[in-house]
Amino acid sequence: MRFASSPRWITTAAAHFALWAIAITAIFGRPTAASAEPLNLPAWVKPGAQLVFYQAKTGTGGAGSNYLLVDILQILPEGILVAEGGLGEVTTPGMQGLYLASGSPKLLDPLTIQSGMGYFIPLDQMATARSGNGVFVSLEPWRTDDGQTYNAFLRTIVNGSRTTYRNKNDPKQILFREDARSITQQAYDTQTGILLNDLARQYEDATGFNKDNQPTNNRTRLAVGVRTAFRNLRQLNGPWIGQQWPAWTQTVQQLHYTGTQSVFTPGTFGGNNRWDMPAQMTFDVKERGQGWVAGISTFSVQNPRSGQVQQVPGPNVESVNSLGGLWMSPDALRAIADQAARNNGVVDIEPITKTVTSAQRQGDTVLIMVQSSGGDRTTSYYDLQRGVMQRVVTEKKIQQHVIDLRLQNMQ
């Protein structure tokens, strides 16, 4: 597993400016497996479904925690297109809350879905799973952190020499096994297929374990442990689901934004101690499909002292089921603004992270704002005539910087 309304909106600006390291082919590469559509997907897997997970990391490499929000955008022949969003957790005194972190689109190809290496597993995969070759499976009750109990399909993947039993020396009651390097254990709800818990541990310096489950050397230590735990599933049914894009989006090849990235001296966010750097973002279309457009977004910032330009390219996908992005349907934007006007400006409140999405209409412009509990905020300005995002302002309170970009031209 990796590291509102919709997380697509939480990461609208963050996704454009994140330090991505994967190519667009990682999203829309063509797998050789069958289409995702006949994979016996659970009924809840459809556009508008949103999953929330809590993720914690420990080990010698450091510790940290965040929330992972996953929006299901589309079911495609290539797989399931999702948008991952992040909300990092800060617990430093005086800085408690969640801040908007990076995110990206992701395609769950059929092999990934069948193996349960995404956020759920098809129900028939649990029914046919068997133990063997370092894989141990069982059906057991699973209690989540919020006290709910599920009937769970438990799968542990190892190649190891250490075995731990619920009842000592009873091979039918294996809890887990570890080798000198790693262990992965996953629990899925047998009714919905949702991943309830994902535990991954990697060890260093271990040469093995003895019959009493003790390391055979004294240097064994946990290098990294990552736990991902299910928090919530809900279905979003806003007017953006299935929106009809403007005709110009069928032929556009590039959108180019320019502006600044302002960095503030710690403790002076919004004050006068700021350093402004020229910045720009370009989205180049690479591929189109039914209801989606994929391409590369490149964010560039120039150091005004040295003149050096840093470029950060990464994949981006626009979907007709996204709340946010570089463009939206004008009709959907009007409906969102009307809905917000009837609800004190609020479009949605994500119940776990309390991230608020709000909207308001200002003449021929619709503003959509996402704000985290930590004070980070992303505000996007949409032209109601064309539906294009004219401006985006990302305010990062924790990182003490603001990115402000305006549409320069599109081709």
Side-chain angles (χ1 to χ4, degrees), residues 2 4-12 15-16 20 22-31 33-52 68-85 103-114 117-122 192-195 233-247 249-250 252 283 285-297 314-329 331-333 335-336 348 357 387 389:
R2 301 181 185 180
S5 84
S6 159
R8 178 78 172 96
W9 254 108
I10 290 176
T11 59
T12 292
H16 293 157
W20 286 324
I22 58 175
I24 196 66
T25 53
I27 298 180
F28 280 97
R30 297 292 187 256
S35 166
E37 294 173 342
L39 287 181
N40 190 27
L41 299 176
W44 64 266
V45 181
K46 57 185 177 180
Q50 184 186 77
L51 291 159
V52 180
L68 176 68
L69 292 87
V70 181
D71 275 342
I72 293 180
L73 298 180
Q74 290 179 251
I75 310 299
L76 304 171
E78 297 86 355
I80 298 176
L81 180 62
V82 303
E84 294 183 328
S104 68
K106 182 176 180 181
L107 186 76
L108 305 178
D109 63 65
L111 292 178
T112 298
I113 296 167
Q114 287 177 316
M117 299 306 290
Y119 311 104
F120 60 90
I121 190 171
T192 64
I194 292 175
L195 177 71
L233 166 68
R234 64 178 182 145
Q235 179 69 35
L236 299 172
N237 296 305
W240 59 90
I241 301 295
Q243 60 185 295
Q244 297 297 311
W245 281 342
T249 62
Q250 299 175 15
V252 67
F283 175 61
V285 174
K286 300 297 182 182
E287 190 171 0
R288 283 184 167 85
Q290 186 64 41
W292 58 265
V293 172
I296 298 292
S297 287
N316 188 32
V317 174
E318 304 297 325
S319 168
V320 293
N321 297 309
S322 294
L323 173 57
L326 295 175
W327 59 75
M328 292 187 67
S329 158
D331 289 340
L333 287 167
I336 291 169
D348 181 73
T357 299
M389 185 177 72

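Since the structure is predicted, the reported quantities are computational estimates derived from the model, not experimental observations. Along the sequence shown, the residues carry numbers beginning at 1.
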Quick check: do [X] and [Y] have side-chain heavy atoms less than 4.5 Å from each other?
X: Leu107; Y: Val317; result: no
X: Lys286; Y: Ile296; result: yes
X: Ile80; Y: Phe120; result: yes
X: Leu51; Y: Ile194; result: yes
X: Ile75; Y: Lys46; result: no
X: Val293; Y: Trp327; result: yes

If you compare all heavy atoms of [X] against all heavy atoms of [Y], which two are closest, and at what distance to 0.1 Å?
X: Leu68; Y: Glu84; value: CD1-CB, 4.3 Å
X: Pro239; Y: Ala332; value: O-CB, 3.7 Å
X: Thr192; Y: Trp44; value: O-NE1, 2.9 Å
X: Trp245; Y: Glu318; value: CH2-O, 3.3 Å
X: Val252; Y: Val285; value: O-CG2, 3.5 Å

Within 6.0 Å of CD in Gln235, more than 12 heavy atoms from elsewhere: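 Enclosed: over 12 neighbouring heavy atoms sit under 6.0 Å from CD of Gln235.
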Out of curiosity, [X] [atom1] to [Y] [atom2], how far, rounded to the nearest 0.5 Å?
X: Ile72; Y: Asn321; atom1: CD1; atom2: CG; value: 11.0 Å
X: Asp331; Y: Ile336; atom1: CG; atom2: CD1; value: 11.0 Å
X: Asp71; Y: Ser319; atom1: CG; atom2: OG; value: 10.0 Å
X: Leu108; Y: Gln114; atom1: CG; atom2: CD; value: 12.5 Å
X: Phe283; Y: Ser297; atom1: CZ; atom2: OG; value: 5.5 Å
X: Leu73; Y: Ile241; atom1: CG; atom2: CD1; value: 8.0 Å

Expected output: side-chain Gln50 to main-chain Leu236 donor-acceptor under 3.5 Å: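 Looks like no, no N/O pair under 3.5 Å.
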Test item: Gln243 side-chain N/O and Ser322 main-chain N/O as donor-acceptor pair under 3.5 Å: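 Side chain of Gln243 to backbone of Ser322, a donor-acceptor pair under 3.5 Å: yes, one is there.
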Test side chain to side chain contact (heavy atoms under 4.5 Å, CB included) applied to Glu287 and Trp292, step by step: CA-CA 9 Å; Glu287 190 171 0; Trp292 58 265; 3.7 Å; yes
Results of side-chain hydrogen bond (donor to acceptor under 3.5 Å, both in side chains) for Thr249 - residues two or more places apart only: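 Expected list: none.
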